Engineer: 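The structure under discussion is supplied below as structure tokens; questions concerning it will follow.
Residue numbers begin at 1 in each chain, while the letters A, B, ... track the order of the sequences. Worth knowing before you read on, the calculation uses all heavy atoms, side chains too, and leaves out hydrogens, waters and symmetry mates. Given the structure is predicted, the values throughout are model-derived calculations rather than measurements.
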Amino acid sequence: MTLASDFGFPTAMSSSFTTLEERYRHNFPNTLWVSSGQELMNNSPVPCQVFPLVSGGSSGGNLFSSSSGFCNGVYVSSSSQARPSVSTVPRDRMTVAHVSGEGRRQGCSVETQSLQLINQPQEQKNMTWSSDQLLGFFDFPVPDPQAESSRTMVSSKEVLLKYEWPDWADQLISDDGLEPNWSELLGDPNVLNLDSKITTSSSDIARQEIVFKNQHQVDPSMEPFDTKNSPASSMTSKQRMRWTPELHEAFVEAINQLGGSERATPKAVLKLMNSPGLTIYHVKSHLQKYRTARYKPELSENREEPQVKNLKTIEDIKSLDLKTSIEITEALRLQMKVQKQLHEQLEIQRSLQLQIEEQGRYLQMMIEKQQKMQENKKDTSFSSSMPEVDPCLAPSPNLSQAFHKATNSESSITDQNGCSTMDQSESASGTSNRKRVRED
Amino acid sequence: MKFGKRIKEQIQESLPEWRDKFLRYKELKNLISSPALAESIFVGLLNAEIDKFNAFFVEQEEDFIIHHKELQSRIQRLVEKCGHNDEMFREEISEIRKDIVNFHGEMVLLVNYSNINYTGLAKILKKYDKRTRGGLRSPFIQKVLHQPFFKTDLVSRLVREWETTMDAVFPVTVVEAEAERCAAVTSAAAGVGIFRNTVAALLTMKEMRRGSSTYSAFSLPPLNISDSDLSSPIHIP
């Protein structure tokens with residue numbers, strides 16, 4: 001019986017999530033088991049993901065208590081460092097954290113968005129990170145007005161609770177290792193906070209743009225994920241690095257200058273590399289990978305030579321060896337061929353997908369422009385007593401021309417675009433119709 | 001449904017440590033049909049999936065960059081050691097050749113990972129929009145296009161580099177047709193896991209591109225490889 005099976009989803013789903021959770025458990029690499037908060041900080045730790053089940057009362061307290069060993073560790077220890085603002089790309093590696101509370105392994109599948117609930121009272125410690133994370137989740141435009149969105153939020157929570165609460169709560173109560181802190185954190189006030197956060201941020205589309213810009217690679221040499229909000233020096237291991245071959249070259253250079261990967265220390269390497277935005281944590285983890293990568297091949301290389309000499313002296317085996325080696329070579333060639341083919345197709349597919357989205361976006365822009373023009377025309381030429389005309393049914397001459405052009409085109413892609421334009425315009429005008437009605 | 005089956009197969013064929021890093025396609029699809037799903041929750045889940053992809057992709061990429069350099073150094077050392085004396089070091093050369101092919105394969109599979117997750121996301125969003133008659137798909141997909149896991153340029157570049165290296169440094173002269181038949185049998189010698197995975201990926205792509213019932217402007221055109229290329233020497237037992 002896993003926690004995840006009790007989280008967030010109707011019972012019909014719980015079985016599939018259970019198996020998912022099992023998979024996570026078995027395949028989860030050891031590096032993500034955390035015993036102390038400090039270690040967490042150093043190893044780009046895995047955060048919990050809490051599905052947003054919240055209720056007032058003691059059972060709510062229990063929900064987060066079970067994940068407390070890990071989650072609490074994350075946020076408490078973070079208070080000792082200056083947590084920088086924003087990472088809408090949270091520093092998690094995996095979406096599932098394993099909690100080692102009281103020596104017992106627990107699957108903890110917790111959505112980061114409701115980590116905000118945990119964080120709210122600890123705001124003075126983690127404020128900027130948590131609030132921006134929250135925004136990252138709730139920044140998408142909600143078509144319904146604000147009041148309704150919070151209502152649906154609550155109602156979906158109720159649905160989830162109705163399905164999942166009793167079994168899960170029972171299990172938690174029977175589990176050990178419940179941190180007392182959590183029950184304080186999870187009273188009703190937090191629920192209210194969350195809701196208000198949603199309503200204020202859901203309409204903030206502009207913020208959404210910024211939030212995703214953070215994930216772009218800005219500095220070509222360094223390419224950290226988040227360069228918007230804080231100076232590189234105060235960024236901690238929370239920021240995910242994207243290495244490049246050039247940067248790695250510099251790293252290797254530094255290593256060699258310092259006498260090899262065993263001798264070199266992260267601090268020295270960092271200093272030698274002198275790369276803006278690079279932190280000691282990045283270097284540390286990279287060094288670890290580097291050492292591991294070197295160790296294995298060195299073993300096999302040293303083993304190879306004596307074997308070669310042995311084979312040489314035995315004639316029978318040598319002739320057999322020749323045949324096998326030809327077969328092996330051919331197997332490799334075939335494998336290479338297939339891989340090459342796959343890669344080629346992937347590249348083609350990717351560029352097609354980009355093209356499709358590009359064209360779709362362009363067409364939608366055009367449609368919206370057309371609609372705006374029609375609205376303006378309507379405002380000026382019709383009185384308020386006139387019934388509303390659905391632009392979809394009576395397309396403007398320009399719009400129908402665009403359709404015509406698209407459908408007549410020989411290219412299959414634009415042809416399909418012509419058809420989908422209908423879908424797009426329907427949905428676009430549908431929403432705009434709804435908006436207009438509401439305004440009236 | 002076909003995609004769901006295909007991605008499941010892909011996951012099964014993939015390297016063990018990759019298996020839980022893929023998109024949870026089936027779960028998300030089922031979730032969409034549940035009526036009480038709030039958009040914010042759905043979006044939150046998708047974001048979590050994206051974070052998962054990003055983290056895994058970037059980490060793999062880092063490993064590849066390190067391995068790439070190491071392999072280059074190793075080849076250089078070997079070339080210096082044997083000079084023109086290929087015979088003596090046949091074992092090592094064979095070993096390195098195998099490593100190159102497997103490394104190439106893993107990188108291609110990472111590109112495949114990126115693509116299949118993107119495709120899955122696009123499909124999920126399409127289903128979501130269909131159910132809610134909403135406009136979530138388009139802006140969301142635009143964001144996805146800028147995610148680190150989608151930017152596979154570096155890995156692709158390395159892949160192509162190794163292709164040219166293979167051709168240049170290890171040319172093969174044996175007759176093709178006969179050899180391929182032997183090769184299929186002895187694929188055990190050449191990294192079966194990666195091989196099977198690659199073939200599965202190709203077949204997946206082919207089927208995905210065959211055309212669907214909900215063909216729209218956002219659907220991909222059919223795949224442009226002849227059947228003979230794909231299926232003749234390859235039978236996954």
Engineer: May I ask you to test the H343(A)-R160(B) pair for a side-chain heavy-atom distance under 4.5 Å?
Structural biologist: yes

Engineer: Once you round to the nearest 0.5 Å, how far does OG of S138(B) lie from CZ of R361(A)?
Structural biologist: 8.5 Å

Engineer: Output the distance between atom CZ (R294(A)) and atom CD (E70(B)), rounded to the nearest 0.5 Å.
Structural biologist: 4.5 Å

Engineer: Report which part of I66(B) has an atom under 4.5 Å of a heavy atom belonging to chain A: side chain, backbone, both, or neither.
Structural biologist: both

Engineer: Of the listed residues (L158(B), I141(B), L109(B)), which shares the most heavy-atom pairs with chain A below a 4.5 Å separation?
Structural biologist: I141(B)

Engineer: Do V108(B) and Q341(A) come within less than 4.5 Å of each other through their side chains, counting heavy atoms only?
Structural biologist: no

Engineer: Answer yes or no: is there a side-chain heavy-atom contact under 4.5 Å between Q335(A) and N102(B)?
Structural biologist: yes

Engineer: Quick one, Q339(A) and V159(B) - any side-chain contact, counting heavy atoms below 4.5 Å?
Structural biologist: no

Engineer: Where do E62(B) and H248(A) land on the side chain to side chain contact (heavy atoms under 4.5 Å, CB included) test, with the steps shown first?
Structural biologist: CA-CA 9 Å; E62(B) 188 179 345; H248(A) 181 66; over 6 Å; no

Engineer: Partners of E344(A) by side-chain contact (heavy atoms from CB on, under 4.5 Å), sequence neighbours excluded?
Structural biologist: none

Engineer: Nearest 0.5 Å please: distance from the CG atom of L332(A) over to the NE2 atom of H104(B).
Structural biologist: 12.5 Å

Engineer: What's the verdict on side chain to side chain contact (heavy atoms under 4.5 Å, CB included) for K151(B) and R242(A), showing C-alpha distance, side-chain angles and the deciding distance?
Structural biologist: CA-CA 11 Å; K151(B) 296 182 180 164; R242(A) 197 159 189 185; 3.8 Å; yes

Engineer: Side chains of Q353(A) and T119(B): any donor to acceptor distance under 3.5 Å?
Structural biologist: yes

Engineer: If I compare all heavy atoms of M241(A) with all of V58(B), which pair ends up nearest, and what's the gap?
Structural biologist: O-CG1, 3.1 Å

Engineer: What distance do Q349(A) atom CD and N115(B) atom CG have between them, rounded to the nearest 0.5 Å?
Structural biologist: 4.5 Å

Engineer: Does the structure place the NZ or CZ of R350(A) under 6.0 Å from the centre of the six-membered ring of F150(B), at an angle of no more than 45° from the ring's axis?
Structural biologist: yes

Engineer: Is there a side chain to side chain contact (heavy atoms under 4.5 Å, CB included) between E357(A) and R137(B) once you walk through the steps?
Structural biologist: CA-CA 11 Å; E357(A) 293 303 329; R137(B) 183 191 181 284; 3.2 Å; yes

Engineer: So for T152(B), is it side chain, backbone, both, or neither that comes closer than 4.5 Å to the heavy atoms of chain A?
Structural biologist: both

Engineer: Identify which part of W18(B) has an atom lying under 4.5 Å from any heavy atom of chain A, answering side chain, backbone, both or neither.
Structural biologist: neither

Engineer: For Q60(B), which residues count as a side-chain hydrogen bond (donor to acceptor under 3.5 Å, both in side chains) partner, sequence neighbours excluded?
Structural biologist: none

Engineer: Could you grab the distance from atom CD1 of I328(A) to atom CD of E95(B), nearest 0.5 Å is fine?
Structural biologist: 9.5 Å

Engineer: State, with a plain yes or no, whether a side-chain heavy atom of P245(A) is found less than 4.5 Å away from one of L154(B).
Structural biologist: yes

